[in-house]
Amino acid sequence: MPGKECKRCGACCFVDMIAYATEEDFKRWHTEGRDDILHIIENESSVWAGDHLVSSRNGHSIQRCPFLIMNDDGLYSCTIYDTRPAVCRNFEPGVSRMCPQYEDQ
Ligand code: SF4
Ligand code: SF4
């Protein structure tokens, strides 16, 4: 059965998926020389502050994944799509309530 098409609404990237990056993801980023990714993760790692996520660096509230951008057409894109973490690669549209397509099932 074909999967649902991602509408690029960005909702699933408004949670801190990066917090679930695995050792394999980090190894790949090291191998690929993606110091840019590692630097951002290091500086933007999040901690749970009771009812919301905050940056461990400055305590500011984290609203979304640091690699998420909105395009001119209003749709969202991942700036590290080709090497995004496994948790993101494995996420299928509609499998979770965080995706608006969940209700379509
Ligand atoms: S790494 Fe990319 S796909 Fe994963 S949450 Fe961030 S923007 Fe979304
Ligand atoms: S919440 Fe669903 S439709 Fe929106 S970007 Fe994520 S997978 Fe795509």
Side-chain angles (χ1 to χ4, degrees):
M1 193 173 71
K4 292 182 175 162
E5 188 186 345
C6 174
K7 306 287 187 194
R8 293 175 56 200
C9 71
C12 59
C13 304
F14 273 79
V15 295
D16 189 25
M17 292 285 213
I18 292 296
Y20 301 99
T22 63
E23 199 57 41
E24 285 302 311
D25 293 317
F26 281 95
K27 276 188 197 157
R28 185 179 67 259
W29 291 327
H30 275 292
T31 304
E32 294 172 346
R34 296 302 302 264
D35 292 345
D36 55 333
I37 295 174
L38 296 167
H39 179 78
I40 288 173
I41 291 177
E42 207 170 278
N43 284 280
E44 285 300 334
S45 60
S46 57
V47 289
W48 191 242
D51 60 353
H52 65 290
L53 290 164
V54 296
S55 165
S56 60
R57 179 171 56 93
N58 56 23
H60 292 169
S61 182
I62 290 178
Q63 306 289 345
R64 62 187 190 183
C65 174
F67 302 109
L68 182 69
I69 57 162
M70 186 200 256
N71 302 286
D72 292 342
D73 59 7
L75 300 178
Y76 287 89
S77 292
C78 172
T79 55
I80 61 166
Y81 190 80
D82 290 344
T83 190
R84 65 198 187 284
V87 63
C88 304
R89 270 180 277 133
N90 295 336
F91 187 88
E92 297 280 341
V95 298
S96 154
R97 285 184 191 280
M98 80 171 85
C99 178
Q101 299 202 71
Y102 180 80
E103 300 296 336
D104 294 343
Q105 294 180 105

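When a ligand or atom number is given, it counts from 1 through the structure's own listing order. Source: prediction; values computed, not measured.
- Among protein heavy atoms, the minimum distance from atom 4 (Fe) of ligand 1 is reached at Cys88 SG, 2.3 Å.
- Protein heavy atom at the shortest distance from atom 2 (Fe) of ligand 2 is Cys99 SG, 2.4 Å.
- Of all heavy-atom pairs spanning Gln101 and Pro93, the tightest one is NE2-CB, 3.8 Å.
- Atom CD1 of Ile41 and atom CZ of Phe67 lie 4.5 Å apart (nearest 0.5 Å).
- Distances below 4.0 Å separate heavy atoms of Leu68 from the following atoms of ligand 1: 7 (S).
- Scanning the protein heavy atoms around atom 6 (Fe) of ligand 1, the nearest turns out to be Cys65 SG, 2.3 Å.
- Note on Cys78: not counted as a metal contact of atom 8 (Fe) of ligand 1, no N/O/S atom lying under 2.8 Å.
- In terms of heavy-atom proximity, Ala11 sits nearest to Met98 at CB-O, 3.5 Å.
- Of all atoms in ligand 2, numbered sequentially from 1 with element shown, those under 4.0 Å from a heavy atom of Pro100 are 1 (S).
- Residues Tyr20 and Phe91 place their aromatic rings such that the two centres sit no closer than 6.0 Å.
- The closest side-chain heavy-atom distance from Ile18 to Cys88 is not below 4.5 Å.
- The part of Pro85 lying near ligand 1 is the side chain, judged by heavy-atom distances below 4.0 Å.
- Counting atoms of ligand 2 from 1 in the listed order, those under 4.0 Å from a heavy atom of Phe91 are 7 (S).
- The shortest heavy-atom contact between Gly10 and Leu68 is O-CD2, 4.1 Å.
- Taking a cut-off of under 4.0 Å to the non-hydrogen atoms of Met17, the atoms of ligand 1 that pass are 5 (S).
- Close approach of ligand 2 to Pro93 (heavy-atom distance below 4.0 Å) involves ligand atoms 7 (S).
- Residue Phe67 approaches ligand 1 through these ligand atoms, each under 4.0 Å from one of its heavy atoms: 7 (S).
- In this structure the side chain of Cys99 never reaches within 4.5 angstrom of the side chain of Cys12, judged on heavy atoms.
- Of all heavy-atom pairs between Ala21 and Phe26, the closest is CB-CE1, 3.7 Å.
- For atom 3 (S) of ligand 2, the nearest protein heavy atom (residue, atom name, distance) is Lys7 N, 3.3 Å.
- When the side chains of ILVMFWY residues are joined at heavy-atom separations under 4.5 Å, either directly or via intervening members, Ile69 and Leu75 end up in two distinct hydrophobic clusters.
- In the vicinity of Cys12, heavy-atom distances shorter than 4.0 Å reach the ligand 2 atoms 1 (S), 5 (S), 6 (Fe), 7 (S).
- Shortest contact from atom 5 (S) of ligand 2 to any protein heavy atom: Gly10 N, 3.3 Å.
- At the top of the distance list for atom 8 (Fe) of ligand 1, counting protein heavy atoms only, stands Cys13 SG, 2.3 Å.
- The pair Arg89-Asp25 meets the salt-bridge criterion, since a charged nitrogen lies less than 4.0 angstrom from a carboxylate oxygen.
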